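Predicted model only: the values in this text are computed from it and were never measured.
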Amino acid sequence: MSNTLQALILMIGAAVMSAACSSVVNTNPVSPSIAATKTQYAVIDDRNIAYRTMGNGSPIVLINRFRGTLDTWDPLFLEQLAQSHTVITLDYPGIGYSEGTLPTDAKEVAAEVAKLAEHLQLEQYDVLGWSYGGMIAQYVAFLYPERVGKAVLIGTNPPGKNAVPFEPIFVQTAFKPEYNLNDYTVLFFEPDSAASKRAAKSSMERTWPGVDQTKVPKAQELLQRYVAGFRGIAVDEMDFRSKFASTDVPMLALSGDHDISFSVDNWYPLIGNAPTLQLISMPDAGHAPHFQYPELSVRYISAFLK
């Protein structure tokens with residue numbers, strides 16, 4: 001079976017299974033052990049880098065979105081993933097609970113992830129990156145292929161020039177100091193879908209009580225450091241985009257069918273010339289398909305990681 005056909009089959013399977021689940025609001029309680037996971041610190045280059053670890057099984061390092069912290073992962077998604085994996089979340093230098101300064105070069109941010117993995121004595125590990133973190137996850141996979149087993153890329157795009165840009169509403173909303181339910185829905189879900197709006201409310205109710213808002217990046221100088229990183233990734237000086245044709249690292253791209261920041265359409269030009277890439281598009285979903293469909297997303301991710 002060709003890789004292109006395999007990717008199309010996965011996409012069709014996602015649509016069928018997700019449609020069957022789209023009318024169901026998730027009411028599963030979150031394990032207290034996940035909600036109360038202790039923040040730990042690794043001393044790396046004389047800075048305290050914050051991380052949390054939960055679950056059992058093969059290690060997977062989660063790499064966060066623009067303005068995301070240890071607190072902003074949906075705990076139900078973490079709980080589902082931790083049932084079969086050792087899940088490690090971290091805050092970038094200068095973000096959230098970590099000391100230091102966020103690098104403006106994606107290669108340096110990727111190096112920070114690799115340094116934490118080395119500190120934790122992980123000889124080999126998988127990476128899962130969301131949004132900005134999905135781009136960093138690609139850098140980790142391309143720069144440290146001997147250490148990365150597989151890469152899961154959620155709500156993100158490949159490096160280099162992409163045809164479909166951010167929608168204006170993303171820029172209008174993403175830089176607000178704090179998000180209300182409407183902002184959360186617009187940024188991460190599909191406001192035109194009643195089921196997605198219900199999923200947004202459920203996700204925010206699970207997540208937001210545990211978020212220390214004082215740790216969420218708000219200063220414009222700091223947000224501009226992310227923006228500088230995005231610009232460098234778009235320039236793609238190391239031509240990582242071309243490496244999809246030759247990398248041995250299996251990659252799974254999981255996207256919503258209407259992501260206002262990183263359109264799933266930007267992956268299509270790579271299909272057929274990226275032998276290790278699989279693509280799943282989730283229906284009636286936006287930038288956070290793993291928060292809208294936590295159980296379904298983890299089933300796909302776990303099957304891919306086996």
[X] [atom1] to [Y] [atom2] distance, which is reported to the nearest 0.5 Å:
X	Y	atom1	atom2	answer
T185	R198	OG1	CZ	12.5 Å
D284	Q292	CG	CD	7.0 Å
M282	S196	CE	OG	11.0 Å
I233	K107	CD1	NZ	10.0 Å
F188	D259	CZ	CG	10.0 Å
D105	L102	CG	CG	11.0 Å

Mind listing the closest non-hydrogen atom pair of [X] and [Y] along with its distance?
X	Y	answer
R67	P217	NE-O, 2.8 Å
L252	I301	CD2-CA, 4.3 Å
T276	V249	OG1-O, 2.8 Å
I49	E99	CD1-O, 3.8 Å
G155	F262	O-CD1, 3.3 Å
L222	G94	CD2-O, 3.9 Å

[X] vs [Y] side-chain heavy atoms within contact, under 4.5 Å:
X	Y	value
E178	K218	yes
I60	T86	no
L122	V61	yes
L279	Y268	yes
V216	Y179	no
F142	V148	no
L90	I88	no
W73	L81	no

Given the rule that I, L, V, M, F, W and Y join up when any side-chain heavy atoms are under 4.5 Å apart, are [X] and [Y] in one cluster?
X	Y	result
L181	I260	yes
V227	Y92	yes
F240	V113	yes
I169	V171	yes
L143	V152	yes

Could you tell me if the ring centre of F175 sits under 6.0 Å from that of F66?
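So the answer is yes for these two rings.
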Only counting residues at least two apart or in another chain, list the ones meeting side chain to side chain donor-acceptor pair (under 3.5 Å) with [X].
X	answer
T104	none
K201	E205
T101	none

Is it true that atom [atom1] of [X] has more than 12 heavy atoms of other residues, nucleotides or ligands lying nearer than 6.0 Å?
X	atom1	value
D46	CG	no
D45	CG	yes
E118	CD	no

Verify side-chain contact (heavy atoms from CB on, under 4.5 Å) between I95 and Y226, making sure each step is shown before the conclusion.
CA-CA 11 Å; I95 301 298; Y226 280 107; 3.5 Å; yes
Looking only at side-chain N and O atoms, does D74 offer a donor or acceptor that is under 3.5 Å from a partner on S203?
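Looking only at side-chain atoms, D74 and S203 do form a donor-acceptor pair, the distance falling under 3.5 Å.
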For the residue pair T53 and Q40, confirm or rule out a side-chain donor-acceptor distance under 3.5 Å.
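There is no such pair between these side chains.
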Salt bridge check, R225 against E221: does any charged N sit closer than 4.0 Å to a carboxylate O?
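A salt bridge is present here (some side-chain N lies under 4.0 Å from a carboxylate O).
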Does a salt bridge link E112 with R47, judged by any charged N lying under 4.0 Å from a carboxylate O?
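Counted as a salt bridge, because a side-chain N and a carboxylate O are separated by less than 4.0 Å.
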Any donor-acceptor pair under 3.5 Å linking the side chain of [X] with the backbone of [Y]?
X	Y	answer
T247	F244	no
S193	E190	no
T207	T72	no
D257	A285	yes
D91	L70	yes

Please verify the inter-ring angle class for F166 with F230; under 30° counts as parallel, over 60° as perpendicular, anything in between as tilted.
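Correct class here is perpendicular.
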Evaluate Y51 against T89 for side-chain contact (heavy atoms from CB on, under 4.5 Å), listing each step before the verdict.
CA-CA 5 Å; Y51 70 97; T89 59; 5.9 Å; no
Quick one: side chain to side chain donor-acceptor pair (under 3.5 Å) pairs with a partner in residues 124-142, sequence neighbours left out?
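Pairs touching residues 124-142 that pass the test: S131-H287.
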Can you tell me which residue pairs pass the side chain to side chain donor-acceptor pair (under 3.5 Å) test with a partner in residues 142-167, sequence neighbours excluded?
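Pairs touching residues 142-167 that pass the test: N157-N266, N162-R241, E167-H258.
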Considering only residues two or more places apart or on different chains, which pairs with a residue in residues 201-222 satisfy ring-ring contact (aromatic ring centres under 6.0 Å, His included)?
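Matches after skipping sequence neighbours: Y184-W208.
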For D71, which of R52, K215, R206 qualifies under salt bridge (Lys or Arg N to Asp or Glu O under 4.0 Å)?
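Exactly one option meets the salt bridge (Lys or Arg N to Asp or Glu O under 4.0 Å) with D71, and it is R52.
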Charged tip of K197 within 45° of F189 ring normal and under 6.0 Å
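No, a cation-pi geometry is absent between K197 and F189.
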Derivation and outcome, side-chain contact (heavy atoms from CB on, under 4.5 Å), residues S58 and L305:
CA-CA 9 Å; S58 59; L305 293 179; 5.8 Å; no
